[in-house]
Amino acid sequence: MSVLHDISARGLARQLNQRSVSPRIVTEHYLRRIAAHNDRVGAFVEVTADAAHERLAAVLPDAVRGPLWAVPFGDKDLSARAGIATRYGSAAFRSFVPEASDPLVTALDATGGISLGKTATPEFGMTGYTESAVSAPTRNPWDLSTGAGGSSGGAAAAVAAGLLPWAPGSDGGGSIRIPAATVGIVGLKPSRGRMPIGSGLDSPDGLAVSGPLARSVADIRFLYGVMRTLAPLPYAVSAPEVALPTTLRVGVTTVSPWDDDTDIVLDDDAAAAVAWAADVLTAATEVSEAHWQPTGYPDLFRTLWRASAARIPVHGTKLANVEPITRWLIEEGRALSSEHLLGAYAAARVFEKQSIAAFSGYDAVLTPVIAQSPRPVGWFDAEDAEKNFTQQVQYAPYTSWVNVAGLPAISVPVTMSQSGQPVSVQLVGRPGGEEALFALAEVLEQARGPLAHPPVWYEK
């Protein structure tokens, strides 16, 4: 029997707008599911049922309904919402309640959406797994002994478990695609300069962009369109519009820019997923091996990541309240010389141009997303920061380079592992080439057929 959380985000938006389903019933349905299952999954760090009811009462009389009118979502706990505790995954902000909302929160409210709370994130979004000192670890709904990835782990787990129809995330090194792949949903990292809020152009490193997580490519296409129109693009430079070519060309590679620096071992299930996807796309596109020999990447990314941590607003004695990996990144970042930092920024732009040139013959490049199966909760070293960083690279060596290059990428589940969990692939596009990614991802999704849901999905 169909239940409300079986309805896609796009379908739910349409039905709500047509009043064929009650906004109040939808809100209550998702709040009940969160109340029933969040203690096990750990997707939400804060549930705001009272605020959701107030918001619902405010939007019900709306004569002009936004594109997400009455559709539930959750704010990633890196986004401030006025009057709601915003912890940034850190004990240093355990009691922080902002007076003003961030632009993304305000803009999503303007679409008519209903926030049900704050989705969990690791401390300041700095890691590819979601375990922090201010909330229970976020668990993979397919196997609760494993983590959900990060940093948008709470958002991804909520969507996979049927606690939300969709969720906004942010991606500075894979933070949308890693958890999407870990829990078997679809996640999009847009091109740098594509989103009016979370464009990547508003930070020196240009890494982090906003994007959606949902259960289907059609939902992602719809939500991407909504998020692109949340506000006027406040920049003179943005990613170009790329028309969808008649015949798409796809390159395939399992090379990562970390291969010469770190021991990267690609899991058999991940390799098989790439091979399956390549075979499927061969019937619809021109597919060939993409030859890529990136150099110098590990040093430049380590510098960029440490520099991004240097800006975290924790100083003096408050540093004692942050986790070892975060404290190490902050201290390392603040010790960087201006010469070292500017050199890394320059190297990143060279890497960007070289990567775009290397893949210029393709409309998309097919790669793995994560190299290993979902990691057990507590697997990433909590004390040895350098070991922790290496573990993260070994888990997800295929994502951060896309941020440095400013390219769009989508994670889409395609096969099932030997242990019965979804396995995803990544499609990386040209600057502004999101439409090609959607078209290719839909081919994969159609060939795959309906994907099963994790056990918690079927529980009341």
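All values below were derived from every heavy atom in this structure, side-chain atoms included, with hydrogens, water molecules and symmetry-related copies excluded. Computed from a predicted model, the values in this text were never measured in an experiment.
Of the listed residues (Arg81, Arg87, Lys76), just one forms a salt bridge (charged side-chain N to carboxylate O under 4.0 Å, His left out) with Glu46, and that residue is Arg87. Applying side-chain contact (heavy atoms from CB on, under 4.5 Å) to Ile114 and the options Val71, Leu68, Asp109, Val59 leaves one that passes, Val59. Considering Lys189, Arg194, Arg177 in turn, Arg177 is the only one that fulfils the salt bridge (charged side-chain N to carboxylate O under 4.0 Å, His left out) rule with Asp171. For the side-chain contact (heavy atoms from CB on, under 4.5 Å) criterion with Val280, the lone passing option out of Val287, Val443, Thr285, Val414 is Val443.
Between Ser152 and Gly169 the shortest heavy-atom distance is OG-CA, 3.6 Å. Closest of all the heavy-atom pairs between Leu366 and Ala278 is CD2-N, 3.6 Å. Residues Leu213 and Ala155 come closest through the heavy atom pair CD1-CB, 4.1 Å. Considering all non-hydrogen atoms of both residues, Ala133 and Ala91 come closest at CB-CB, 4.4 Å.
Around the CZ atom of Arg24, the shell of radius 6.0 Å holds no more than 12 heavy atoms that belong to other residues, nucleotides or ligands.
To the nearest 0.5 Å, atom CD1 of residue Ile178 and atom OG of residue Ser424 are 12.0 Å apart. Taking CG of Leu248 as the start and CG of Leu427 as the end, the distance is 10.5 Å to the nearest 0.5 Å. Between the CG atom of Leu4 and the CZ atom of Arg32 there is a distance of 8.5 Å, given to the nearest 0.5 Å. The line from CZ of Arg306 to CD1 of Ile330 is 13.5 Å long, rounded to the nearest 0.5 Å. With rounding to the nearest 0.5 angstrom, the CG atom of Leu12 is 11.0 Å from the CH2 atom of Trp69. Between Ile176 atom CD1 and Leu188 atom CG the span is 7.0 Å, to the nearest 0.5 Å.
Under a 3.5 Å cut-off, the side chain of His37 and the backbone N or O of Leu163 do not form any donor-acceptor pair. One N or O on the side chain of Asn38 and one on the backbone of Phe44 form a donor-acceptor pair closer than 3.5 Å. When atom types are taken as modelled, the side chain of Trp166 and the backbone of Phe73 share no donor-acceptor pair closer than 3.5 angstrom. The backbone N or O of Gly174 sits nowhere less than 3.5 Å from a side-chain atom of Tyr398 that would complete a donor-acceptor pair. Of the possible donor and acceptor atoms, one in the side chain of Thr399 sits under 3.5 Å from a partner among the backbone N and O of Gly173. Side-chain atoms of Thr119 do not come within 3.5 Å of backbone N or O of Gly154 as any donor-acceptor pair. Judged by distance alone, the side chain of Thr303 and the main-chain N or O of Leu341 form no donor-acceptor pair under 3.5 Å.
Within the 4.5 Å cutoff, no side-chain heavy atoms of Arg215 are placed close to those of Ser8. In this structure the side chain of His315 reaches within 4.5 angstrom of the side chain of Arg334, judged on heavy atoms. Side-chain atoms of Arg14 and Phe222, non-hydrogen and from C-beta on, never get closer than 4.5 Å to each other. Side-chain contact check for Pro190 versus Pro408: every heavy-atom pair is 4.5 Å or farther apart. For the pair Phe93/Val134, no side-chain contact is recorded, criterion being any heavy-atom separation below 4.5 Å from C-beta on. Contact of the Trp276 side chain with the Val423 side chain is not registered, since no non-hydrogen atoms from C-beta on lie closer than 4.5 Å. At a threshold of 4.5 Å between non-hydrogen side-chain atoms, the residues Leu201 and Arg192 count as touching. Considering only heavy atoms from C-beta on, Val377 comes within 4.5 Å of Arg139 through its side chain.
Residues Phe301 and Phe351 keep their aromatic ring centres 6.0 Å or farther apart.
There is no side-chain donor-acceptor pair under 3.5 Å between Asp205 and Trp305. A donor-acceptor pair shorter than 3.5 Å cannot be found between the side chains of Asn140 and Thr182. Side-chain atoms of Ser132 and Glu323 include no donor-acceptor pair closer than 3.5 Å. Using a 3.5 Å distance cut-off with no hydrogens or angles, the side chains of Thr48 and Lys118 do not pair a donor with an acceptor.
Ion pair Arg375/Glu131 not flagged as a salt bridge, since none of the NZ, NE, NH1 or NH2 atoms sits closer than 4.0 Å to an Asp/Glu carboxylate oxygen. Between Arg221 and Glu435, at least one side-chain nitrogen of the basic residue sits less than 4.0 Å from a carboxylate oxygen of the acidic one, meeting the salt-bridge criterion.
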Check step by step if side-chain contact (heavy atoms from CB on, under 4.5 Å) holds for Ile312 and Glu123. CA-CA 10 Å; Ile312 292 173; Glu123 191 166 46; over 6 Å; no
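The aromatic rings of Tyr395 and Phe380 sit perpendicular, their planes meeting at an angle over 60°, well past the 30° parallel limit.
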